[in-house]
Amino acid sequence: MALDGKIAIITGGAKGIGLAIAKRFLADGAKVVIADIDEKAGHAAEQELSSLGEIRFVAADVAERLDVHNLVAATLDAFDDIHILVNNAGIVHSADFLDIEEADFDRVIRVNLKGAFLCGQIVARHFVERVKAGGKPGVIVNMSSINDTFAIPNQVPYSVSKGGVSQLTKVMALSLAPYGIRANAIGPGSIMTDLLSAVANDKEAKKRILSRTPLGRIGDPSEIASVAAFLASDDASYITGQTIYADGGRLPLNYTVTPKED
């Protein structure tokens, strides 16, 4: 299996895309630690996936340095090493640019961008120590978005944070390349998570989503998990500093398409 024997930390792993990635990594032979601030969902995810392989849940706020250190320590206690980090934890806050409160802007940036920085830095230091001791390098996969390029007027800090994540990925890749450590990002388009499912059940809202999606459908979290599994594997051994857009063709589109009627 592609990730046989690898040990992965997946932040925001209790639900949605993070949960799908955890499931795929386990199927590919990895041992997984899911980190999430939602303890109830985290324990439920751990129980749900326990039949697929070795998995642990660790409660953590990715924007708190001490929590991240404790997450790394808990992973090392459980599995003795770390080979893969997936920075998936993220939140949104909807408000127009003229109306958004400073506290809400800070809160989203704190989780989405600062969290990826802290987790990436602390785990990368472990990777570097292993390389210096003669071991193999690790891999970092960050969760960006097509909104690193596109902008939505009422998703101010989210769009800004994802632009930052894609640039952070490049910085990570260049800084860590001398150690053989790879860092890449994934930029999903419209994916059927809990957040989007509520919108997708609205016929007009779904029509708007599909009008900007050439493949004519909403993506599944498992499709993002497949990209994460590829980037984490040796099959992607010569890829670093890239953002892979899994968006159904949305990013290159400069017009709209006519969705098929249900």
If hydrophobic clusters are built by linking Ile, Leu, Val, Met, Phe, Trp and Tyr wherever their side-chain heavy atoms come under 4.5 Å apart, do [X] and [Y] end up in the same one?
X	Y	value
Y245	L231	no
I91	L19	no
V123	I181	yes
V92	I191	no
F117	I140	yes

Are any of the side-chain heavy atoms of [X] and [Y] separated by less than 4.5 Å?
X	Y	value
V86	T11	no
I122	R65	yes
I82	V72	yes
I209	I218	yes
D148	V165	no
H83	V139	no
P137	Y179	no
P259	R208	no

Just by distance, do the side chain of [X] and the backbone of [Y] share a donor-acceptor pair under 3.5 Å?
X	Y	result
D234	S237	no
R130	K136	yes
S233	F230	yes
D36	A14	yes
D247	L251	yes
N184	G241	yes
T240	A183	yes

Could you grab the distance from atom [atom1] of [X] to atom [atom2] of [Y], nearest 0.5 Å is fine?
X	Y	atom1	atom2	result
K23	L52	NZ	CG	7.0 Å
E129	H126	CD	NE2	7.5 Å
T213	L253	OG1	CG	8.0 Å
I146	S166	CD1	OG	11.5 Å
L118	H69	CG	NE2	8.5 Å
I186	I17	CD1	CD1	8.0 Å

**Study point:** Neighbour count above 12 (heavy atom, 6.0 Å) for Q47 CD
**Key:**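 No, the 6.0 Å shell around CD holds no more than 12 heavy atoms from other groups.
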
Check your understanding: Got a sec: does the CZ of F150 have more than 12 other heavy atoms crowding it under 6.0 Å?
Key ->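 Yes - once you tally the heavy atoms of other residues, nucleotides and ligands closer than 6.0 Å, there are more than 12.
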
Kindly give the heavy-atom pair with the smallest separation between [X] and [Y], and that separation in Å.
X	Y	value
L113	G164	CD1-C, 3.5 Å
I34	A22	CG2-CB, 3.8 Å
T193	P221	CG2-CG, 4.5 Å
L85	F127	N-CZ, 4.5 Å
F57	A35	CE1-C, 4.4 Å
S159	I152	OG-N, 3.7 Å

Check your understanding: Should I109 and K114 be marked as a side chain to side chain contact (heavy atoms under 4.5 Å, CB included) after you check the CA-CA gap, both sets of side-chain angles, and the distance that decides it?
Key -> CA-CA 6 Å; I109 296 294; K114 181 184 176 182; 5.7 Å; no

Review point. Side chain to side chain contact (heavy atoms under 4.5 Å, CB included) between I10 and V33: does it pass, once the steps are laid out?
Key: CA-CA 6 Å; I10 302 169; V33 172; over 6 Å; no

Practice item. Walk me through it: do I84 and F25 pass the test side chain to side chain contact (heavy atoms under 4.5 Å, CB included)? Key: CA-CA 10 Å; I84 303 162; F25 278 20; 3.9 Å; yes

Review point. Which side-chain hydrogen bond (donor to acceptor under 3.5 Å, both in side chains) pairs, counting each pair once, include a residue from residues 85-105, with sequence neighbours left out?
Key: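 Applying side-chain hydrogen bond (donor to acceptor under 3.5 Å, both in side chains) to every pair that reaches into residues 85-105, excluding sequence neighbours, yields N87-N142, H93-D104, H93-R107, S94-Q155, D104-R107.
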
Exercise for review: Test R182 against Q242 for side chain to side chain donor-acceptor pair (under 3.5 Å), laying out the working first.
Suggested key: CA-CA 10 Å; R182 298 186 296 106; Q242 304 299 311; over 6 Å; no

Practice item. Given side chain to side chain contact (heavy atoms under 4.5 Å, CB included), test Y255 with V257 step by step and report yes or no. Key: CA-CA 7 Å; Y255 55 90; V257 296; 3.8 Å; yes

Check your understanding: Tell me the salt bridge (charged side-chain N to carboxylate O under 4.0 Å, His left out) pairs involving residues 45-61, sequence neighbours left out?
Key ->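 Those involving residues 45-61 are K31-E54, D61-R110.
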
**Study point:** S222 and R24: side chain donor to acceptor below 3.5 Å
**Key:**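 Short answer, no.
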
Review point. Does one side chain, of S144 or T243, offer a donor that lies under 3.5 Å from an acceptor on the other?
Key: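 Absent: no donor and acceptor within the cut-off.
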
Exercise for review: For the pair R217 and E223, find out whether any cationic side-chain nitrogen is under 4.0 Å from an anionic carboxylate oxygen.
Suggested key: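 Salt bridge present between R217 and E223.
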
